[in-house]
Number of protein chains: 2
Amino acid sequence: MVTIKDVAKRANVAVSTASYALNGVKKVSEETRRKVLQAAEELNYRKNGFAADLKKSKTQTIALILSDLSGPFYSELIRGVQDIAVDHGYDLIACNSLGGQNSTAAKFLTERRVDGCIILAHNITNEMIEKSASPAFPIVLLDRQLERAHTVPIIVDNKNGGYKATTFLIQKGHNNIAFIGGPADSHDGQMRFEGYLEALQEHHIDFQSRWKVTGNFTREGGELAAKIIAAQDERPTAIFVANDEMALGAMEYFQKVGIRVPEDISIIGFDNILESKYTAPKLTTVQHPKYEMGALASHVIFQLLDGEETEKSFTLHTELIMRETVIDIMTKLRG
Amino acid sequence: MVTIKDVAKRANVAVSTASYALNGVKKVSEETRRKVLQAAEELNYRKNGFAADLKKSKTQTIALILSDLSGPFYSELIRGVQDIAVDHGYDLIACNSLGGQNSTAAKFLTERRVDGCIILAHNITNEMIEKSASPAFPIVLLDRQLERAHTVPIIVDNKNGGYKATTFLIQKGHNNIAFIGGPADSHDGQMRFEGYLEALQEHHIDFQSRWKVTGNFTREGGELAAKIIAAQDERPTAIFVANDEMALGAMEYFQKVGIRVPEDISIIGFDNILESKYTAPKLTTVQHPKYEMGALASHVIFQLLDGEETEKSFTLHTELIMRETVIDIMTKLRG
DNA sequence: CTGTTAGCGCATTCAT
DNA sequence: ATGAATGCGCTAACAG
């Protein structure tokens with residue numbers, strides 16, 4: 001391994017001089033600078049970033065920890081984070097938390113390999129987060145309500161989103177509305193469900209537990225849930241599905257078995273993933289501010305890093321996206 | 001910042017003992033181990049991973065460099081890489097190469113921050129790659145034909161894939177076949193086109209340049225391309241689209257303007273992204289071995305790292321996925 | 001089983 | 001403008 005020492009030797013200068021030359025510090029004459037650069041080139045010298053970071057005790061990079069690096073949902077979030085990070089001259093690396101305590105993510109959290117991090121992964125424990133956060137290592141939490149020193153949560157108003165979705169259905173004349181939810185440990189899913197409940201109550205519609213079915217936020221989960229709903233003797237006229245992926249799965253199932261969307265059953269999703277715009281019919285859904293969330297998270301990290309004051313927590317709002325999978329019940333009856 | 005020294009002091013042991021205890025080396029008595037651990041706990045000690053890496057000159061992580069962290073295509077690839085990496089006890093971090101020479105990716109390439117890397121990004125120059133590769137830093141190149149020492153390319157047989165797709169269309173009786181390609185600098189796209197050409201020639205079908213239109217591999221590009229094709233007075237009976245995303249866009253356009261797929265026009269795509277299975281009608285396409293590619297890349301990295309011999313390069317094959325968007329021209333004429 | 005010590009590769013202060 | 005010397009936090013060889 002060729003080090004800066006080797007370069008210095010070859011260029012007949014001291015290490016410090018080599019370092020200056022390599023890093024563009026202007027203390028060194030053009031003459032020697034070129035000598036050093038050439039020596040480095042000849043030896044194919046690569047600097048060891050860690051050593052540099054160790055010395056400077058600054059990594060100039062932030063990490064984004066996701067429970068799963070793949071999935072359509074994350075694309076926009078990542079873009080948001082990235083855009084702001086590069087603005088600040090920081091690097092972004094993404095890693096996943098599969099494996100929990102032993103994951104790559106854990107290493108970044110506990111070993112000071114980055115200057116700060118943004119977490120959207122529910123298999124990282126609150127305890128780990130609390131222990132890791134410090135003035136020099138701020139953490140932004142996405143979709144997790146945990147206020148601590150040096151830790152700021154950004155959540156989206158899932159409950160209100162669920163409320164809006166359900167209210168919209170009710171306004172369209174539906175009062176037999178099913179709910180396809182997420183896994184029990186999903187805080188998001190739970191909040192969306194509460195919004196659903198609230199809308200129901202407000203309109204004096206009884207909640208029917210047989211019409212609450214739980215999926216796992218995947219396309220397949222949506223199919224299965226749809227199947228369960230379709231199998232019952234009385235069928236709801238509309239479904240609020242807790243995320244778009246499941247909604248797409250449900251739509252597919254209904255199409256397969258000849259139940260028409262929206263003529264026979266209306267569907268509203270949640271998230272507004274890219275894909276939802278391209279289905280036939282186009283999915284009516286609730287906009288989740290993914291990009292904004294990423295960008296804001298990035299912003300907050302840098303404020304924290306700069307020692308500025310920030311809000312204790314942030315809440316982002318949702319928005320109804322009306323497309324083609326919800327039909328007015330009157331239209332339906334006439335049809 | 002609390003260091004291992006502080007911990008040692010508080011526990012009344014030497015640094016080495018603290019290090020052993022912290023790292024679970026069994027040279028130390030249970031008694032002292034607990035003492036050290038407790039001291040660490042009390043001081044909220046976090047180890048500096050860099051310092052450790054520096055000392056060990058091993059990072060135990062590999063990087064995956066993508067030109068864009070988002071996009072449906074990458075999900076499966078990432079899974080493949082990841083699965084193998086964790087098998088080997090390695091961590092995986094993903095970073096993107098947006099920004100070219102100054103990107104995060106570049107840092108990882110040139111600053112030895114990881115033990116090896118897998119690159120699927122065409123804005124990283126060959127030169128950079130050549131300079132970075134070394135026995136201690138193997139590089140696996142995806143979809144880029146560049147054989148060098150310590151650098152092994154994995155490519156998919158795009159040409160043959162294009163050939164298969166086109167031949168399939170011809171066998172179904174089509175001889176007016178348009179091609180929607182990718183950007184000019186896409187090697188993949190170019191190869192797929194060559195396969196198309198070869199199939200045409202083999203069946204003595206003249207290539208018509210007006211039926212070659214170029215998109216940018218996005219959904220919108222596909223829509224636009226479809227529009228251009230539809231606008232011509234004579235219309236092809238089939239289209240080979242160089243990737244699924246564009247095929248989806250094209251299908252959407254055709255549906256919008258009342259051109260039926262496949263009754264009026266057959267479409268075959270390329271990649272077999274998850275989504276293509278969920279369209280109506282379901283997209284006929286060519287399978288791109290994404291997961292396998294990732295897994296293989298990972299494998300190769302570890303072989304290289306272990307100093308084993310590997311093939312100079314790998315070629316992965318494609319497979320026709322027959323679904324619903326290609327119709328036999330006879331059926332069509334009868335219809 | 002525990003302590004002393006020598007670097008890992010680099011940036012940087014203080015002389016010169 | 002340049003060089004010698006120091007130490008960042010950690011691991012591991014060696015000595016006790």
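Values below: every heavy atom of this structure, side chains too, minus hydrogens, waters and symmetry copies. Quick note on labels: first sequence line is chain A, next is B, and so on, each numbered from 1.
- In this view, A:Glu30 and A:Arg33 satisfy the salt bridge (Lys or Arg N to Asp or Glu O under 4.0 Å) rule, not counting sequence neighbours.
- The distance between atom CG of B:Asn12 and atom C1' of C:dC1, rounded to the nearest whole Å, is 16 Å.
- For the side chain to side chain contact (heavy atoms under 4.5 Å, CB included) test, residues two or more places apart in sequence or in another chain that qualify with B:Ser132 are A:Arg46, B:Leu109, B:Thr110, B:Phe137, B:Ile139.
- Spacing between atom CG of A:Leu43 and atom P of C:dG9 amounts to 14 Å, rounded to whole angstrom units.
- A search for side chain to side chain contact (heavy atoms under 4.5 Å, CB included) contacts involving B:Gln38 returns B:Glu42, not counting sequence neighbours.
- In summary, contact between chain A and DNA chain D, defined as any nucleotide atom under 4.0 Å from a heavy atom of the protein, begins and ends at D:dA1 to D:dG9 in the 5' to 3' direction.
- By the salt bridge (Lys or Arg N to Asp or Glu O under 4.0 Å) test, B:Glu311 is found to be paired with no residue, residues two or more places apart in sequence or in another chain being considered.
- Aromatic ring pairs are classed by plane angle as parallel below 30°, tilted from 30° to 60° and perpendicular above 60°; the pair B:His88 and B:Phe302 is parallel.
- By the salt bridge (Lys or Arg N to Asp or Glu O under 4.0 Å) test, A:Arg144 pairs with no residue at all, sequence neighbours left out.
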Encoded 5' to 3' (Watson-Crick or G-U under 3.5 Å; [ ] crossing; | other strand), DNA chain C becomes ||||||||||||||||
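- A residue-by-residue look at B:Glu31 and A:Thr3 shows that B:Glu31 has its nearest nucleotide of DNA chain C further toward the 5' end.
- Counting only residues at least two apart or on different chains, the salt bridge (charged side-chain N to carboxylate O under 4.0 Å, His left out) pairs with a member in residues 146-156 of chain B are B:Glu130-B:Arg148.
- Counting only residues at least two apart or in different chains, ring pair (Phe, Tyr, Trp, His ring centres under 6.0 Å) contacts with residues 42-65 of chain A comprise A:Phe50-B:Phe50.
- Between C:dG9 and B:Ser57, no contact under 4.0 Å exists linking OP1 or OP2 to a side-chain N or O.
- Counting to the nearest Å, the C1' atom of C:dG7 and the CG atom of A:Leu54 are 13 Å from each other.
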The contact string for nucleotides 11-16 of chain C, one letter per nucleotide 5' to 3', using protein heavy atoms under 4.0 Å with B, S and - for base, sugar-phosphate only and none, comes out as BBB---
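- Scanning for side chain to side chain contact (heavy atoms under 4.5 Å, CB included) contacts around B:Asn12 gives an empty result, with sequence neighbours left out.
- Taking atom CZ of residue B:Arg112 and atom P of nucleotide C:dC8, one finds them 15 Å apart after rounding to whole Å.
- Within 6.0 Å of NZ on B:Lys5 lie no more than 12 heavy atoms contributed by other residues, nucleotides or ligands.
- Between the NZ atom of B:Lys5 and the P atom of C:dA6 there is a distance of 13 Å, given to the nearest Å.
- Shown here are the salt bridge (Lys or Arg N to Asp or Glu O under 4.0 Å) partners of B:Glu308, two or more places apart in sequence or in another chain: there are none.
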